[in-house]
Each structure stands twice: as structure tokens, then as C-alpha cells.
Peer 1: 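Before I ask anything, here is the structure I am working with.
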2 protein chains.
Amino acid sequence: MTTPRRRRPTMADVAERAGVSRTLVSFILDGKPGASDETRQRVLAIADEIGYRPDSAARLLAQGRSRTLGVMSDIRQLFEAELITHIYPAAEKLGYEVLLSANLPGRTEPTVVESLLSHRCGALILLGPKAGQDFFDELASRVPVVVACRRLTGLNDEVPLATVRTDDAKGIRQAVDYLVDLGHHHIHHVSGGTDPGSDDRQEAYCRAMRAHGLAGESVVIPGAHNEEAGAEAARTMLAAPTLPTAVLAGNDRCALGILDVFTRAGVDVPGRVSLMGFDDSRLSENPRIDLTTIHQDAGEIARRSVELAVSMLVEGPSRATDVVLEPQLIVRGTTAEPPR
Amino acid sequence: MTTPRRRRPTMADVAERAGVSRTLVSFILDGKPGASDETRQRVLAIADEIGYRPDSAARLLAQGRSRTLGVMSDIRQLFEAELITHIYPAAEKLGYEVLLSANLPGRTEPTVVESLLSHRCGALILLGPKAGQDFFDELASRVPVVVACRRLTGLNDEVPLATVRTDDAKGIRQAVDYLVDLGHHHIHHVSGGTDPGSDDRQEAYCRAMRAHGLAGESVVIPGAHNEEAGAEAARTMLAAPTLPTAVLAGNDRCALGILDVFTRAGVDVPGRVSLMGFDDSRLSENPRIDLTTIHQDAGEIARRSVELAVSMLVEGPSRATDVVLEPQLIVRGTTAEPPR
DNA sequence: CTGAAAGCGCTTACAG
DNA sequence: CTGAAAGCGCTTACAG
């Protein structure tokens, strides 16, 4: 159907023009030894001249497994976009390509994964996946998998499945400790529902409250890691007889939604209610937002994920690894002592 | 090097188990006619049973040009992430796959494009590219190209190059008209530098100021479409003897940076200075930000881009098309009458 | 230092 | 309704 375009040059074209075999061209382009310097120069010049570009599809097919890392991400999450910016250079440094595919409403995780796999990605990095444990086990039996920003329980030495994440529990513990230090007792938590890290954060919240003798004050409001869910949770809180003095949101975006509704409703933050997020995404530091939050190290998460993916790809399974990174409390303007 | 993993099933495996030829399996999997219903059922069942998945790399190689759309995006731009969420369903509807690759600092547009092309994308959609005109001409001679969110001058019928964009000039004109109506004369523009749409926006700003007899008041401060550039521009303005009464930023992110610095410096927005953005990205409507801005229709831009890409891919060149969408003024809380 | 040949997994005329 | 065969562009032992 396509109008025949100027056919793109192949290795065979280069070989013919240079009067050498395709094999040799392949070697030269690959930087392998086995050609005289003179031949090398000539072949390179010709390749350049006729505009030769390697064909990844053919290369992948011929090589079997590939030097390509497949990355699944919900690109609307600022924090994941940030991770990706760090994944590219880390992969390139190790000589790997990156293929991106987005999981979005209407594009489920299995769909994304199959797409990546069908393009022969040699290993997968999944950013904040929501699938069930079984999904990862099954997947890792087919290809090495690194799960970022989520804790998994089924890690073992049989299967190339690893995780890289921030210590969510510790981060939440820091947050609660900080709020309690300020004098807060009525601290509510808006959970992230099925979103990455939510379980740990919620559990850590309950445990921390208990540790402070505030078990009776624990209130978890179901939510998700986006603005709409935060807004909804804020409405729920506003409808209740009394407001808490502090709210610990599932993540920054959720906190933004809460801030939205509270602000519109005339609830002073932090005068009346203190608010905290989680992630420390780009917007948190804008002084109009100025959100107190827990910082995650995107660069480190990205680098470790890439390194693990490559190492499993090269060395095969038996690597059960759970990389846990330190969170960091970032105090900004949405938190203060409780009123009066 | 890779530890031999359970080899993934191929078409040949399916054919063998089913006792038919690979050709027939290919036909059946493709939904083409040419197999009895009974055979079809059996083959499908076997494929499913042994977990057969098509190999895109092999398919692409065999088919020549592909049913894959390559999308280049700076995923850190919220607005582009939004575009992508609409590109997937639009492509799927037409039976096309999408491959994503990110242009980022350290990963230039030519790099991204070559990567996409080497994976045999049949057409390219470039979101807000910054490259020079020549780059697109040369590229379009190799593959159909749709440029989104940027105006190009060199469109002709010879080469499959098309653009889809919002009428930037009109949007800026709306913004200036609105500010002038409010009573503003001292309106500064923070330009987007080399970022997409910047030239048109800047020129439209100058023209609109002139149309209102305010040519003498025109001030353009160089910037870019991100928070840092906005912050820098705000500092420049603060250092000048007098502040304008209104600022028209190159886009929303730039406006956020300006808001940041102004707020920290105690400049009341909109009491002392009115501020406008461009894009209407997700954060603009947060009441802490509450940014008056110009709305772009992400869904429509995405759909039109996909349709154009596919139509050029199928029908070949000769389609010089420039789709121009309507902008929309969104009045929120960062604009008001000038002080006193 | 160099080349002939097989193969990666699929598609697609062509021929029954 | 079904199959044998060539080919997509590359890599990679193997053999000089």
C-alpha cells in the first residue's frame, strides 16, 4: 500500500559498494577486530555516504535476546517521568537501548508488557506496577523483571525478579513522628488504594500511630495517587463532624487534590490543618504549593533498576534482590503546630 | 551469555502441534480467510495452550514498513504526557501500535528519531520538536512525519510532512486583548526561547500590543517553557526599576516559575501583577495556583496527529497539511485589574 | 585479515 | 481450503 519510498540502504549495499562481504561490514560497524585499518575506514566512509542505518528489528531477530530494556510507566505521574529521564543515561552507559510503553486507563499492564516483549526487550523495568504478585512471577519466568517503587513478597533465587524502592514504611514513620512532634494527635491518612507503595504506607501509618499511643485516633480514608482521589477524600473529611488537625496523603498528587478542596472550602493550610505528601515531585517546592513531603531519590532508583535489569539479563536468574533506598523528610510550608 | 530460558514458542511450534503449515497458522492468527472453521479453532486453541506470542521484530522485518507509529516526546512536559494518553487509543482504533521514545537533555532529537526508525516505525509523530526546518525536510524524505504543537513553513505536496497545532497567535491575541480589557498597559512577555510555539507567541504578542497602541510598552524577556526559566525571568523583572502590571508567560510551567519567585518576593499576584500561562495543563486549575491561561485541546491534537500519520503512511506523500485548532481563554484567579 | 552459509521468526506471492 | 519456498536485514559460528 505504501508508495515505494527510496529504499533504505542495507548492509548488503555497503558491502557491495565497498567490495567486501556483509560479514566484514557487520564486524566493522560493530567495532569488532578483524578488518584492516584501511578497509575499516573505507567501509565506514561508504556507510556514512549512502546513509546506512542499522535495522534494529533485523538485528534483534538475528541476535535472539536483545540489548534493549523495556520500560513500563504511567507517564502522567511526574515522578515516573523523572525516573525515566534517569533511566536513559544509565542504560546508555551500559550499552543498552530503552523502549518505552505507557500503561494508562484503557491500556492495561499485561498489554504494555506484551507489547514490550514482542519488540524483543531483553529485560523489563516496571515503574509502579499495580498487578498482582502472580503476574510478576509468571512474567519473570519469561524475562528478567525489575519492579521499581513497589515492594514484592515473592522474591526468591529461582526467578529473575528484583525490586528497587524507597523505604515507604520508614518515610511514613518519619512523617508521623514529625507531625506528632509538632503536637498533632488527630492525624488522618488518605491511602493510595491499589497504587504503588500504598499498602506499606498505610500499614506504617497505623503502626506509627500505635507507637505514639494514638491507635484510637487512626483514620484511614481510601484514596489513590492522583488529584481527584485527594479531592474526594478532602470532601469526605469536610463532611465529617470534625476535621483532623493533620492529614498525611498517599502521595504528592493526592495531597494537591486535598489542598485544592481545602483551599476552596476556606480551610487554612497549615493554620487549621497541616498537610503532608510523599514523593517530593517537581511541584511540591513551588511556594504556592510549598508542600511538606517525603523525598524519594529518583536518580538512584533509576540507576539501580537499570543495573539490576542488565545484570539479570546477562547473568540469568538467581538474584532475588530487594534494593531499599532511604527516604528523606522535607519540611516546607504546609505543616505547622495544631491550632490553639 | 544469557542463561538459556525456556525458548518462547514460535509459529513453527504451533504449526507442528496442529499438523498444518506455518503459512496457515500465520493466516489464521492474522484473521485472514483461508482455513476451515475447525482448523481455525484448533490452531487458535493450540497457540493459546503453548503460550504463543507473535514476534514483532520478525513481523516487522518480514513486512517491510510497519503498522507502528513512533512518538517522540519530552515526557516531563505534562502537556505532552497528556497528548500521549490520547495517542494510544487513537492509534489502536486504526490498528496501529505505538512506540515511545523520549527526547531529554543529553538525548537529542536525531538520536530519538534514529532509535524509533531503527525499530521500523512506519511513521513518526514528534511532540513539540525544536529542531530546525531542514531536519524535518530531510526526515520526511525518509518517513512520513507529523509535527505536533509547532508551526512549520516548509510544507509542500512533495513530502509527507504535516503539522497539527493550536493557533498560538490567536491564543496570545486573546490573552493580550483580555489583559488590555482589564486595563493593563504594562504587559511583559516571557518568551519560550527555542521551545515549541515560542516564535508565534512572541510575534503575536508584539502584534497585539501594537494593535492596542501599546507598541512602546512591549517588553520581551527571554525564557523557556519550564519553571527555572520562568523563575529567572521573574528575577530579571524584580531587578528592574519598575514592575509591569501584567506578565504573559510562554507556557504554564514558565508561569509557575514566575509565580514561585514573585510569591517568595512578596509580590501579590494578581493584586500587584497579573499573570497568565499557556497550555492549561493539569496543575493550572489547582486553586493554590489557579492560573489564568489559554487552553489547548490535547485530545483533538492527538487524534488528528494519529490520523494524519496513518493516512500519509498508507497513501504516501502529497498531503501538505497544517491542522490548526482553536485556543480558548480560561480565566482563573491570577489576573485582575491593575493596581489602583 | 576475509568470506560463504545458515539461521532468527515471520509474511507473502505463487501454485495447487 | 492448504502448503512449499523465498525473502526481510542482520549476526555468528566455521573455515580458510
Side-chain angles (χ1 to χ4, degrees), chain A residues 1-2 4-5 7-43 47 50-68 95 97 114 117-122, chain B residues 1-2 4-5 7-44 47 50-68 97 114 117-122:
Chain A
M1 298 203 294
T2 305
R5 208 171 299 284
R7 193 176 63 80
R8 66 189 256 181
T10 71
M11 245 179 195
D13 298 326
V14 178
E16 191 184 356
R17 292 267 287 241
V20 300
S21 72
R22 292 153 59 207
T23 307
L24 196 57
V25 174
S26 176
F27 275 43
I28 292 176
L29 261 24
D30 227 35
K32 288 183 193 150
S36 67
D37 234 44
E38 189 255 314
T39 312
R40 181 181 306 278
Q41 299 299 341
R42 195 157 45 84
V43 167
I50 68 175
Y52 170 75
R53 331 263 170 164
D55 183 321
S56 291
R59 165 187 290 240
L60 291 186
L61 187 56
Q63 283 183 327
R65 200 107 275 181
S66 80
R67 291 181 80 81
T68 302
E97 261 200 285
E114 291 308 334
L117 249 29
S118 80
H119 287 280
R120 294 187 157 250
C121 290
Chain B
M1 297 201 297
T2 305
R5 208 172 298 285
R7 193 178 64 82
R8 68 188 254 181
T10 71
M11 245 180 198
D13 298 326
V14 178
E16 191 184 357
R17 292 270 283 242
V20 300
S21 72
R22 289 154 60 208
T23 308
L24 196 58
V25 174
S26 177
F27 275 42
I28 291 175
L29 259 25
D30 227 34
K32 290 184 192 148
S36 67
D37 234 46
E38 189 255 313
T39 311
R40 180 181 306 279
Q41 300 300 343
R42 194 157 45 85
V43 167
L44 255 18
I50 68 176
Y52 170 76
R53 330 264 172 165
D55 182 322
S56 290
R59 165 188 291 242
L60 291 186
L61 186 56
Q63 282 183 328
R65 199 111 269 185
S66 80
R67 291 181 79 81
T68 302
E97 261 201 285
E114 291 307 335
L117 250 28
S118 81
H119 286 282
R120 295 190 157 248
C121 290

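By convention in this document, chain letters (A, B, ...) are assigned in the order of the sequence lines, proteins followed by strands, and residues within each chain are numbered from 1.
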Peer 1: When you measure from the side chain of A:A62, which nucleotide among D:dG3, C:dG3, D:dG9 comes out closest?
Peer 2: D:dG9
Peer 1: Measure the distance from CZ on B:R22 to P on C:dC8 and round it to the nearest whole Å.
Peer 2: 10 Å
Peer 1: Taking only the side-chain nitrogens and oxygens of B:K32, find out if one of them lies under 4.0 Å from OP1 or OP2 of C:dT12.
Peer 2: yes
Peer 1: When you compare C:dA5 with C:dC1, how far apart are their P atoms, in angstrom units rounded to a whole number?
Peer 2: 24 Å
Peer 1: Before giving the answer on side-chain contact (heavy atoms from CB on, under 4.5 Å), spell out for A:T39 and A:V20 the whole-Å C-alpha distance, their side-chain angles and the decisive distance to 0.1 Å.
Peer 2: CA-CA 9 Å; A:T39 312; A:V20 300; 4.0 Å; yes
Peer 1: What's the closest nucleotide to the B:A58 side chain, out of C:dT2, C:dG9, D:dT11?
Peer 2: C:dG9
Peer 1: Which whole-number value in Å describes the distance from A:Q41 CD to C:dC1 C1'?
Peer 2: 16 Å
Peer 1: Would you mind reading off the distance between A:L61 atom CG and D:dG7 atom C1', rounded to a whole angstrom?
Peer 2: 12 Å
Peer 1: According to a strict under-4.0 Å criterion, is B:T39 in side-chain N/O contact with OP1 or OP2 of D:dC1?
Peer 2: no
Peer 1: Atom CE of B:M11 and atom CZ of B:R59: how far apart are they, to the nearest 0.5 Å?
Peer 2: 7.0 Å
Peer 1: Whole angstrom is fine here: how far is it from CE in A:M11 over to C1' in D:dC8?
Peer 2: 14 Å
Peer 1: Taking CD from A:E16 and C1' from C:dG3, how many angstroms apart are they, rounded to a whole number?
Peer 2: 16 Å
Peer 1: When rounded to the nearest Å, what value does the distance between P atoms of C:dG3 and C:dG7 take?
Peer 2: 22 Å
Peer 1: I need the CG-P distance between B:D55 and C:dT11, as an integer number of Å.
Peer 2: 10 Å
Peer 1: Nearest-Å distance, CZ (B:R59) to P (D:dC8)?
Peer 2: 19 Å
Peer 1: Tell me whether A:R53 contacts the main-chain N or O of B:E114 through its side chain, where contact means a donor paired with an acceptor under 3.5 Å.
Peer 2: no
Peer 1: With side-chain contact (heavy atoms from CB on, under 4.5 Å) as the test, would you mind laying out the steps for A:T10 and A:R22 before giving the verdict?
Peer 2: CA-CA 10 Å; A:T10 71; A:R22 292 153 59 207; over 6 Å; no
Peer 1: Suppose we call a contact any N or O donor and acceptor under 3.5 Å apart; does that hold for the side chain of A:T23 and the base of D:dT12?
Peer 2: yes
Peer 1: Calculate the interatomic distance between A:R120 atom CZ and D:dT11 atom P; express it in whole Å.
Peer 2: 13 Å
Peer 1: Report yes if a side-chain nitrogen or oxygen of B:S26 is closer than 4.0 Å to either non-bridging phosphate oxygen (OP1 or OP2) of C:dT12; otherwise report no.
Peer 2: no
Peer 1: Determine, stepwise, if the pair B:R17 / B:I50 fulfils side-chain contact (heavy atoms from CB on, under 4.5 Å).
Peer 2: CA-CA 10 Å; B:R17 292 270 283 242; B:I50 68 176; 3.5 Å; yes
Peer 1: So, is B:T10 close to the C:dG9 phosphate, meaning a side-chain N or O under 4.0 Å from OP1 or OP2?
Peer 2: no
Peer 1: Please give the nucleotide sitting opposite C:dC14 as a Watson-Crick or G-U wobble pair, both distances under 3.5 Å, or none.
Peer 2: D:dG3
Peer 1: Please report the distance separating the C1' of D:dG16 from the corresponding atom of D:dT12, rounded so that it comes out in whole Å.
Peer 2: 16 Å
